2 protein chains.
Amino acid sequence: MNINLTPSQTPSEGSATKSAYKRLRELILTGDLAPGEKLKIDGLRDVLGTGASPIREALNLLVSDQLVVRHEQRGFRAAGTSRQDFDEILKLRCSLERMALRESIENATDEWIEELVVVHHRMTRLQAERSAEFEVQHKIFHMTLLSHATSPHLLRFCSQLYDLNIRYRYLAGRSSDYKGRKVDDEHRQILDAVMAKGMDLADTLLVSHYERTGAFLKDYID
Amino acid sequence: MNINLTPSQTPSEGSATKSAYKRLRELILTGDLAPGEKLKIDGLRDVLGTGASPIREALNLLVSDQLVVRHEQRGFRAAGTSRQDFDEILKLRCSLERMALRESIENATDEWIEELVVVHHRMTRLQAERSAEFEVQHKIFHMTLLSHATSPHLLRFCSQLYDLNIRYRYLAGRSSDYKGRKVDDEHRQILDAVMAKGMDLADTLLVSHYERTGAFLKDYID
DNA sequence: ATGTCTAATAAAATCGATTTTTTATTTGCA
DNA sequence: TGCAAATAAAAAATCGATTTTATTAGACAT
């Protein structure tokens with residue numbers, strides 16, 4: 001653990017559980033809490049500045065996201081990572097997102113296309129910086145692509161896998177100079193294909209977008 | 001709520017959280033706790049004979065399973081049901097289990113086939129009664145079919161959807177005389193196809209197995 | 001040295017009480 | 001009568017302390 005922030009400064013925002021959840025989630029996604037690391041309640045109390053109950057609650061919620069694993073009577077750990085896990089997530093994401101994207105395009109509406117354009121614009125604007133804000137918009141863009149599929153459960157799975165994957169991105173980013181990858185062209189092409197309702201083209205582009213990023217990251221994993 | 005059991009008799013088995021989790025899960029799956037029903041901590045304390053903390057913990061774990069929904073600052077509810085949700089789960093299950101089954105067959109080993117035969121036998125033996133024990137074996141059979149796929153995440157999704165679906169089965173079973181459906185032939189055929197490594201046949205049979213059950217249940221939903 | 005039993009320590013799990021928030025009920029007013 | 005503010009009741013969230021369980025460290029024997 002390697003944390004240098006003062007105990008949660010945002011005082012009166014939502015419940016203690018919620019802010020603990022958000023903070024822990026972030027710490028795990030970014031790798032500040034390392035894969036496999038033991039998450040001791042007492043230790044986290046100092047970091048999060050709150051009692052044991054909200055932390056426990058937050059930890060249990062993170063189990064839903066597969067970011068934390070619970071060991072019966074012996075506490076919690078940040079979920080582990082492995083090359084195998086990374087590959088698996090990549091493959092599964094390609095399959096599931098393809099399904100969702102095709103459905104989405106089938107159900108396309110003008111409003112949806114407009115939403116996509118806006119969301120894409122917002123993301124592009126932040127492209128250069130690779131800031132946290134860019135990451136937020138990037139996820140929104142990808143999830144909006146899928147958002148017109150009619151299956152909430154499928155979307156939930158995609159969202160979950162997205163987060164698990166982005167964790168590897170962060171981990172790669174910190175142990176190396178993973179940066180250079182240019183993705184704006186690929187996003188643009190996907191958007192264009194979707195707007196033209198070219199289902200086959202769109203899903204091919206989306207999958208190869210993921211596969212390229214995956215290949216790029218592979219070198220930095222494990 | 002309509003529960004007539006004495007507070008958890010099994011005293012020293014595992015943690016309070018674990019038994020609360022198992023019990024609540026069962027109550028929700030079977031419909032003893034109805035879809036959408038408010039789950040008040042205090043109320044559950046009487047039923048489960050334990051304090052608020054383990055109940056809270058169990059409830060949070062059930063959120064992972066999508067059997068309970070959490071409403072920020074206003075407690076928990078049993079997840080709702082709807083015709084739409086039922087249809088969606090059915091479709092998604094067909095897609096995902098097909099993927100998993102194909103992978104499973106690709107990676108087939110002799111040991112796996114033997115395991116399947118045993119598991120199928122155990123299930124068949126209990127066929128007549130439709131007991132709780134049959135339900136357990138039935139899930140084991142279906143999950144074993146998929147178990148040689150190399151994607152734990154995919155298997156987790158399948159397992160989750162299985163449980164969500166079986167809940168509808170129970171709900172149908174109680175509001176009607178859903179019983180008659182004969183499924184042993186279908187299971188046998190699937191097993192045979194898998195043993196012959198007939199991937200296309202196997203997944204077709206599996207999907208139509210689900211679709212038939214789905215069609216059968218539809219009348220009893222909502 | 002290696003392994004097992006026991007004692008001490010650390011951590012997780014749970015409890016009971018308190019605080020905060022939400023929901024229901026009553027009261028006052030147009 | 002209908003609506004809104006104020007109050008009362010209920011429930012959720014959180015806390016601090018206690019109990020239980022797991023982990024570590026030490027003593028002893030092989």
Side-chain angles (χ1 to χ4, degrees), chain A residues 1 3 6-25 27-28 33-34 36-64 67-80, chain B residues 1 3 6-25 27-28 33-65 67-80:
Chain A
M1 213 191 296
I3 299 157
T6 58
S8 66
Q9 50 285 79
T10 46
S12 58
E13 196 177 336
S15 63
T17 294
K18 189 175 180 179
S19 58
Y21 170 76
K22 293 209 290 190
R23 193 74 221 294
L24 282 172
R25 195 183 150 85
L27 290 171
I28 293 171
L33 289 171
E37 182 172 348
K38 183 87 206 285
L39 305 176
K40 296 187 201 167
I41 310 286
D42 271 339
L44 294 175
R45 281 189 32 173
D46 302 333
V47 181
L48 302 172
T50 167
S53 310
I55 290 177
R56 208 143 232 297
E57 191 120 344
L59 250 13
N60 278 312
L61 290 174
L62 286 163
V63 172
S64 307
L67 290 171
V68 164
V69 294
R70 219 183 104 90
H71 290 87
E72 185 74 19
Q73 316 268 67
R74 59 190 69 170
F76 300 87
R77 284 179 179 276
Chain B
M1 214 192 294
I3 298 156
T6 58
S8 69
Q9 50 286 78
T10 46
S12 57
E13 197 178 338
S15 63
T17 295
K18 189 175 180 180
S19 59
Y21 170 76
K22 293 209 289 189
R23 192 78 223 291
L24 281 173
R25 194 182 150 85
L27 291 170
I28 293 171
L33 290 170
E37 180 171 349
K38 183 87 205 286
L39 304 176
K40 295 186 201 168
I41 310 286
D42 272 339
L44 295 174
R45 280 189 31 169
D46 301 333
V47 181
L48 302 172
T50 167
S53 310
I55 291 178
R56 207 148 232 294
E57 191 120 343
L59 252 11
N60 278 311
L61 290 174
L62 286 163
V63 172
S64 306
D65 303 335
L67 290 171
V68 164
V69 293
R70 218 181 105 90
H71 290 87
E72 185 75 19
Q73 316 267 64
R74 60 190 68 170
F76 301 86
R77 284 177 178 278

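Quick caveat: nothing in here was measured; it's all calculated off a predicted structure. Below, read A as the first sequence line, B as the second, and so on, with proteins coming before strands; counting in each chain starts at 1.
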A.B. asks: Any ion pair linking B:Glu57 and A:Arg70 (charged N to carboxylate O, less than 4.0 Å)?
C.D. replies: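 Here A:Arg70 pairs with B:Glu57 in a salt bridge, since their nearest N and O are under 4.0 Å apart.
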A.B. asks: So, is B:Thr50 close to the C:dC15 phosphate, meaning a side-chain N or O under 4.0 Å from OP1 or OP2?
C.D. replies: yes
A.B. asks: I'd like to know if the side chain of A:Arg77 and the backbone of A:Gly36 have a donor-acceptor N/O pair within less than 3.5 Å.
C.D. replies: yes
A.B. asks: Nearest 0.5 Å, what's the CD-NZ distance between A:Glu72 and B:Lys18?
C.D. replies: 5.0 Å
A.B. asks: Distances under 3.5 Å between protein N/O atoms and the N/O atoms of nucleotides 8-12 of chain D, please, pair by pair.
C.D. replies:
unit_1	atom_1	unit_2	atom_2	d
D:dA11	OP1	B:Lys40	NZ	2.8
D:dA12	OP1	B:Lys38	NZ	3.1
D:dA12	OP2	B:Ile41	N	3.3

A.B. asks: Consider side chain to side chain contact (heavy atoms under 4.5 Å, CB included). Of B:Val47, B:Leu44, B:Val68, which one does B:Leu24 pass it with?
C.D. replies: B:Leu44
A.B. asks: Rounded to whole Å, please give me the gap between CG in B:Leu48 and C1' in C:dT14.
C.D. replies: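 Taking atom C1' of C:dT14 as the reference, CG of B:Leu48 is at 15 Å.
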A.B. asks: Mind checking side chain to side chain donor-acceptor pair (under 3.5 Å) for B:Ser53 and listing every partner two or more places apart, or none if nothing turns up?
C.D. replies: none
A.B. asks: Is B:Ser15 near enough to C:dA12 that one of its side-chain N or O atoms lies under 4.0 angstrom from OP1 or OP2?
C.D. replies: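 Checking C:dA12 against B:Ser15, no side-chain N or O comes under 4.0 Å of OP1 or OP2.
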